[in-house]
There are 2 protein chains.
Amino acid sequence: MADSGERLQQLIKVVRGKGHRLTPQRLAMLKVIAKSEEHPSAEEIYDRIKADFPTTSLATIYKTLSLLKDMGEVLELSLAHVGCRYDGNKPYPHPHVICTGCGQILDPEFGAMAEIIREMAQQTGYQITHHQLNFFGLCPRCQQEGQAPD
Amino acid sequence: MADSGERLQQLIKVVRGKGHRLTPQRLAMLKVIAKSEEHPSAEEIYDRIKADFPTTSLATIYKTLSLLKDMGEVLELSLAHVGCRYDGNKPYPHPHVICTGCGQILDPEFGAMAEIIREMAQQTGYQITHHQLNFFGLCPRCQQEGQAPD
DNA sequence: ATATGTGCAAATGGTTTGCAGTGAG
DNA sequence: CTCACTGCAAACCATTTGCACATAT
């Protein structure tokens with residue numbers, strides 16, 4: 001995978017470039033987000049930040065997350081009844097495969113999206129700006145556990 | 001489109017068949033749901049029911065919606081920051097095209113889903129049970145209004 | 001120096017739950 | 001006659017907001 005340090009530098013540059021301040025709390029958040037492969041929730045990000053900044057509040061997490069969303073630097077996955085998950089590593093729409101057993105989320109390879117969007121736009125006349133494509137099911141491990149319970 | 005009266009009969013049969021009671025409130029809900037083409041929210045369903053049953057409560061709507069979900073007779077679309085929308089007309093996963101301007105939701109034609117699911121399952125080893133595919137953008141009318149404001 | 005960011009606490013809003021009373025079967 | 005359903009109000013819970021204080025620039 002790509003160098004997450006590089007992604008961090010990019011995030012820092014974007015935040016500063018738009019005239020926003022780089023506080024220690026934000027830097028800590030950017031570090032977490034830059035290398036997040038697991039699509040953490042706001043609360044999970046919060047928990048990791050708390051190690052370094054015990055007084056950090058969830059509200060600040062949400063505020064910075066919102067800022068990054070507006071700048072297009074994080075992707076928000078809103079999963080029903082699971083709350084929102086964030087991806088600052090690949091901040092553009094891409095498919096997800098989500099285990100309904102353990103909650104694991106994968107980013108599968110899927111190249112045909114551009115063409116599908118073109119097709120949908122042509123069929124409906126909509127000007128499509130973004131999309132979400134999520135698959136739900138059991139991951140291999142959860143399938144096994146289902147069949148051969150402890 | 002198909003006869004919504006037929007769909008209503010089917011819904012009634014399923015509800016009764018599983019040993020659930022068919023109250024007047026439920027019947028009214030089933031009528032609304034059977035012909036819903038517009039993916040109404042719980043509150044919108046509630047508003048329509050209220051005409052006939054002024055004392056109906058939202059809680060009852062949610063309870064019945066939950067019942068129908070469990071029986072696989074309504075599809076719940078959970079759209080971030082818009083709340084849930086319900087489709088009792090086509091209760092199986094299918095793509096949606098959603099206008100970010102006016103909220104209109106279309107059901108486009110899209111035949112390739114089965115193949116894509118097969119591909120994702122093969123790639124990830126997941127046992128995929130359901131999915132969601134949503135496209136967001138401006139509908140033709142909202143595009144016009146954006147260009148030529150009143 | 002100054003306005004942006006932080007952190008607390010309170011507000012929000014869609015959804016869920018508890019429970020006493022009601023009515024479908 | 002009974003138990004599932006209804007309707008009210010209160011509870012939930014993730015997210016948002018208001019505001020006084022702190023601080024990056």
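Just so we're on the same page: letters track the sequence lines, and every chain starts at 1.
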Self-check item: Range on DNA chain C touched by chain B, heavy atoms, distance below 4.0 Å
Solution: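 Contact boundaries, 5' end first: C:dG14 to C:dG25.
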Spacing between [X] atom [atom1] and [N] atom [atom2], to the nearest angstrom:
X: B:Tyr62; N: D:dT6; atom1: OH; atom2: P; result: 16 Å
X: B:Arg21; N: D:dT2; atom1: CZ; atom2: C1'; result: 7 Å
X: A:Lys18; N: D:dA24; atom1: NZ; atom2: P; result: 23 Å
X: A:Leu30; N: D:dA24; atom1: CG; atom2: C1'; result: 15 Å
X: A:Leu58; N: D:dC13; atom1: CG; atom2: P; result: 14 Å
X: B:His81; N: D:dT16; atom1: NE2; atom2: P; result: 6 Å
X: B:Phe53; N: D:dC8; atom1: CZ; atom2: P; result: 14 Å
X: B:Asp52; N: D:dG7; atom1: CG; atom2: P; result: 13 Å

Does [X] come within less than 4.0 Å of [Y], counting only side-chain N to carboxylate O?
X: B:Glu73; Y: B:Lys13; answer: no
X: A:Lys90; Y: A:Asp87; answer: no
X: B:Glu38; Y: B:Arg48; answer: yes

Self-check item: Check: A:Met120 main-chain N/O paired with A:Thr124 side-chain donor or acceptor under 3.5 Å
Solution: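 Confirmed, A:Thr124 side chain pairs with A:Met120 backbone.
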Quiz prompt | Side chain proximity check, B:Leu68 to B:Val15, heavy atoms < 4.5 angstrom | solution =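 Yes, at least one pair of side-chain atoms sits under 4.5 Å.
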Quiz item: Where each residue is assigned the nucleotide of DNA chain C containing its nearest heavy atom, which of B:Ala59 and B:His20 is assigned the position nearer the 5′ end?
Solution: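 Checking each residue's closest nucleotide, the 5'-ward one belongs to B:Ala59.
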Self-check item: Which residue lies more 5' along DNA chain C, comparing B:Pro24 with B:Glu43 via nearest heavy atoms
Solution: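 Upstream on the strand: B:Glu43.
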Quiz item: Base, sugar-phosphate alone, or nothing: which one does A:Thr56 contact when heavy atoms must sit under 4.0 Å apart?
Solution: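 Sugar-phosphate only.
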Quiz item: When we call it a touch if two heavy atoms are under 4.0 Å apart, what does B:Thr55 touch: a base, just sugar-phosphate, or nothing?
Solution: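 Contact class for B:Thr55: sugar-phosphate only.
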Self-check item: Aromatic ring pairing A:His39/A:His94, orientation class (parallel under 30°, perpendicular over 60°, tilted between)
Solution: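 The rings of A:His39 and A:His94 sit tilted, inter-plane angle from 30° to 60°.
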Quiz item: When you check the phosphate oxygens OP1 and OP2 of D:dA24, does a side-chain N or O of A:Thr23 lie under 4.0 Å from one of them?
Solution: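 No, because none of the side-chain N or O atoms of A:Thr23 sits under 4.0 Å from OP1 or OP2 of D:dA24.
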Quiz item: Any side-chain N or O of B:Arg26 under 4.0 Å from OP1/OP2 of D:dC5?
Solution: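 B:Arg26 to D:dC5 OP1/OP2: side-chain N or O found under 4.0 Å.
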Practice problem: Inspect the surroundings of NZ in A:Lys35 and state if more than 12 heavy atoms from other residues, nucleotides or ligands are less than 6.0 Å away. | Solution: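 Counting other residues, nucleotides and ligands, NZ of A:Lys35 stays at 12 neighbours or fewer.
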Self-check item: Presence of donor-acceptor pair under 3.5 Å, side chain of A:Lys63 and base of D:dG18
Solution: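 It does, because a donor-acceptor pair links the side chain of A:Lys63 to the base of D:dG18 below 3.5 Å.
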Practice problem: Starting from the 5' end of DNA chain D, give me the residue, B:Leu67 or A:Gln25, whose nearest nucleotide shows up first. | Solution: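 Its nucleotide being nearer the 5' end, the pick is B:Leu67.
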